[in-house]
Protein chains: 2
Amino acid sequence: MPRVGLKDLAKHLGLAEGTVSRAMNNYPDISLATRDKVQKAAAALGYKPNNTARRLATGRAEAVAYMMPTSRSAISTPFVSELLQGLGDALAKRAWDLLVVQPQTAEDELDTLRKLVASGKVSGVVLSRPAKTDNRIEYLKASGFPFIVHGRAKDARGYAWYDVDGQAAFADALDHLAALGHRRIGFIGAPSYQNFAQDRFEGYKAGLANNDFAFDPELVSIAELTDEGGERAASDLLAADVPPTALLCVNDVQAIGALAAIRAKGWVPGEDVSVIGYDGVWMGRHANPPLTTMAQPQSHSGRQLGDMLLSIIDGGDPTSFQVLRRAELVRRKSDGPPRAVISTIPTTSRERVK
Amino acid sequence: MPRVGLKDLAKHLGLAEGTVSRAMNNYPDISLATRDKVQKAAAALGYKPNNTARRLATGRAEAVAYMMPTSRSAISTPFVSELLQGLGDALAKRAWDLLVVQPQTAEDELDTLRKLVASGKVSGVVLSRPAKTDNRIEYLKASGFPFIVHGRAKDARGYAWYDVDGQAAFADALDHLAALGHRRIGFIGAPSYQNFAQDRFEGYKAGLANNDFAFDPELVSIAELTDEGGERAASDLLAADVPPTALLCVNDVQAIGALAAIRAKGWVPGEDVSVIGYDGVWMGRHANPPLTTMAQPQSHSGRQLGDMLLSIIDGGDPTSFQVLRRAELVRRKSDGPPRAVISTIPTTSRERVK
DNA sequence: CGCTATTCCGAAAGCGCTTTCGGTGACAAG
DNA sequence: CTTGTCACCGAAAGCGCTTTCGGAATAGCG
């Protein structure tokens, strides 16, 4: 089955290529009669335009790229497939393509991006998990190339982003624990060049300040974003002379590791030591015990990112697309009043579990 | 900063465009002297070839597509991001692009694929989770377009695939349970138009036959591939007059749901009722209790799929790329001898857990 | 030193589409 | 009947690169 091109179609119809092209693209200067005729014939012969030629001629790429985070830990990216789905949905309306680019190393990131925008392969980019100061963002801002970022860098001005407020979330979580009666609250974090890690750490400290607790470096431990990371960090923190009665973890998988560390000591999480995670991953409800967490809003972020990026490509002002969502406490079984304290009434209700 | 194109570069060097092009692509009929000169100048001026034009001229797409599974359940696709990473790595060696296409509905799949191959956007495709008889595979086979599938259809002849043997895995799992002393073993499955579901079901039945157990339709329940699905199916099965003493689940997330159902009845999973899952997802070890499962081999399947697809595009014989891996039992805490029976010695050792 | 082989590069023809520009015929207006 | 005005379509020039082909310059050889 030889590909049928525009030329074949034109010859078949006895029309000029240009005419056929315009007919296919619904130009107003083609009579409805011939337009119908052309489109019918196209369908009949199975004509599918060659996209590459089309792109070259129009200069429009009709595609956007998603740049994967380079972090090699597969665990840290369960959200990727959801995000891609959402992006795909957004692009489907225009039948645009989605390119996934994956820098091999962190140093390649900028260069990969440069090549990408120069190649003309895409007309917009979405970035994930920016560093605290991210040179990709600087570059894109300077070049005027349309882009949006999932998350924010420390400087969030002058570009489009979608993020959930990690700082507020951790301050809230800390308030919650304080209300339960906790006074020594530990923090398990991630390397702070990742801006989200920094954000959440700030939230922790802000929460401390709000409640007139002193910041104690002994109470924070930086670990990998894995269950083992959380486990190690938790057992370190818990080995102190006066261990914390509650642990705030930078994400759920660390928190789940922390639960294991607590059980390993023979303590029961949620009673002897409270643990609160962040993300709201599906598995949290099946953890042992079910994990209390600051859950990100469900609204399909990929879809939103896609829609916003398209608007920017259409000429919208990037700075008008900065949306900050708020995480929400979902209480399950891994938090409670500290052992040593007369139990106070919890301020929020627990999620029902079957 | 105006894009610097081939023309600019040529003018700058006082050479013909064609010469510069050949120099950039390391043609043998260009002297090393001018080649170096050209490549240096290219680097200096920041010349990046326009990929679209390049593709059009060469006819090579230098890109492959990954077609996402259409199933709307995000939970069923935690492996997507790993797979994409692997594919990305494989393609990176040639600097090829990875396109992610996402049919909006199951009916769109074939049409989307048709457009994709006709558009010339890619020179190969990878499919996931084929149906029992999958018309996409038929189409691609007939068209001669390079492709590979992650999984197999019922008819596995005449095309390339990478799969793990679900049938063997479930037969093995059943043997294991039989060796522990179980006689009534339930199966929680998925709709069988998905070939992997059918495969695993066959394995279950084969295992039954191997051990001279009768097949009892009362012991199988078909459910969604979610935790709730597993939970519902398990509580149905367990409500029988003579409930099964063990449950085989088509994947880990169902199995984790089944654990919840068992606990909800006040029973303890692994003692009153054994549960074995399939996949080996990360979370299994943190389930309550840690989940025994048939784990897929770790070897980065995305990477392998990518490498094989590239070989096929290079002209390799698709039928020479059919790799079948074997799943492996990893014992944790959700299996054991049935309550009513004098415990027999387990035949395999348990994974150590901290 | 003349002639044939090389080596290296320029010229030009595409790749398959889009889009501008101009021209033809029809039809209304003067 | 002439002129102007549309509505519609054909011709042709690209888009930015690759690649074939041939020709000029150089080298090799007797």
Side-chain angles (χ1 to χ4, degrees), chain A residues 2-39 41-42 45-63 95 97 115-123, chain B residues 2-39 41-42 45-63 95 97 115-123:
Chain A
R3 246 192 64 80
V4 25
L6 188 56
K7 184 151 50 176
D8 308 308
L9 188 53
K11 194 152 33 175
H12 173 83
L13 285 163
L15 290 175
E17 291 182 43
T19 307
V20 175
S21 169
R22 290 194 313 265
M24 291 301 294
N25 293 309
N26 298 317
Y27 270 57
D29 67 341
I30 298 290
S31 74
L32 279 78
T34 65
R35 183 208 290 180
D36 285 1
K37 204 167 47 180
V38 169
Q39 300 194 350
L45 298 200
Y47 165 72
K48 314 255 199 253
N50 176 314
N51 238 274
T52 309
R54 189 186 164 80
R55 287 209 238 274
L56 181 57
T58 59
R60 282 175 247 124
E62 306 200 335
D97 291 329
K115 267 209 273 282
L116 186 67
V117 330
S119 75
K121 283 189 279 214
V122 297
S123 32
Chain B
R3 247 192 65 79
V4 26
L6 188 55
K7 185 151 48 174
D8 308 309
L9 188 53
K11 194 153 29 174
H12 175 82
L13 286 163
L15 290 175
E17 291 182 42
T19 306
V20 175
S21 170
R22 291 194 312 265
M24 289 302 293
N25 294 309
N26 298 317
Y27 272 54
D29 67 340
I30 298 291
S31 73
L32 280 76
T34 65
R35 184 208 291 182
D36 287 359
K37 206 169 44 180
V38 169
Q39 299 193 352
L45 298 200
Y47 166 72
K48 315 258 196 257
N50 176 316
N51 238 272
T52 307
R54 188 186 165 82
R55 285 210 239 275
L56 181 58
T58 59
R60 283 175 248 120
E62 306 202 336
D97 291 330
K115 267 207 276 278
L116 186 65
V117 331
S119 75
K121 282 188 278 215
V122 297
S123 34

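Quick note on labels: first sequence line is chain A, next is B, and so on, each numbered from 1. Heavy atoms only: backbone and side chains are in, while hydrogens, waters and symmetry mates are out. Model, not experiment: these values are computed from the prediction.
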Under 4.0 Å protein heavy-atom contacts per nucleotide of nucleotides 10-18 of chain C, with B for base, S for backbone only and - for none: BB--BBBBB
Taking only distance into account, with no hydrogens and no angle test, what donor-acceptor pairs under 3.5 Å do side-chain atoms of residues 28-39 of chain B form with protein atoms, sequence neighbours excluded?
residue	atom	partner	partner atom	Å
B:S31	OG	B:T34	N	3.3
B:S31	OG	B:T34	OG1	3.3
B:T34	OG1	B:S31	O	3.2
B:Q39	NE2	B:A23	O	3.2
B:Q39	NE2	B:N26	OD1	3.1

What is the distance from CD1 of A:I30 to C1' of D:dG10, rounded to the nearest Å? 10 Å
Over all heavy atoms of both residues, which pair between A:A118 and B:R3 is shortest? Give the atoms and the distance, please. O-NH1, 2.6 Å
Whole angstroms only, please: what is the NZ-P distance between A:K37 and D:dC8? 13 Å
To the nearest 0.5 angstrom, please state how far the CE atom of A:M24 sits from the CG atom of A:L9. 7.0 Å
Check: A:N51 main-chain N/O paired with B:S119 side-chain donor or acceptor under 3.5 Å: no
Residue-phosphate contact under 4.0 Å: A:T34 side-chain N/O, D:dC9 OP1/OP2: yes
Which pairs of donor and acceptor atoms, one on a side chain in residues 10-22 of chain B, lie under 3.5 Å apart (sequence neighbours left out)?
none

Test item: B:N25 side-chain N/O and B:Y27 main-chain N/O as donor-acceptor pair under 3.5 Å: no
Whole-Å distance separating the CG atom of A:N26 from the C1' atom of D:dC8: 16 Å
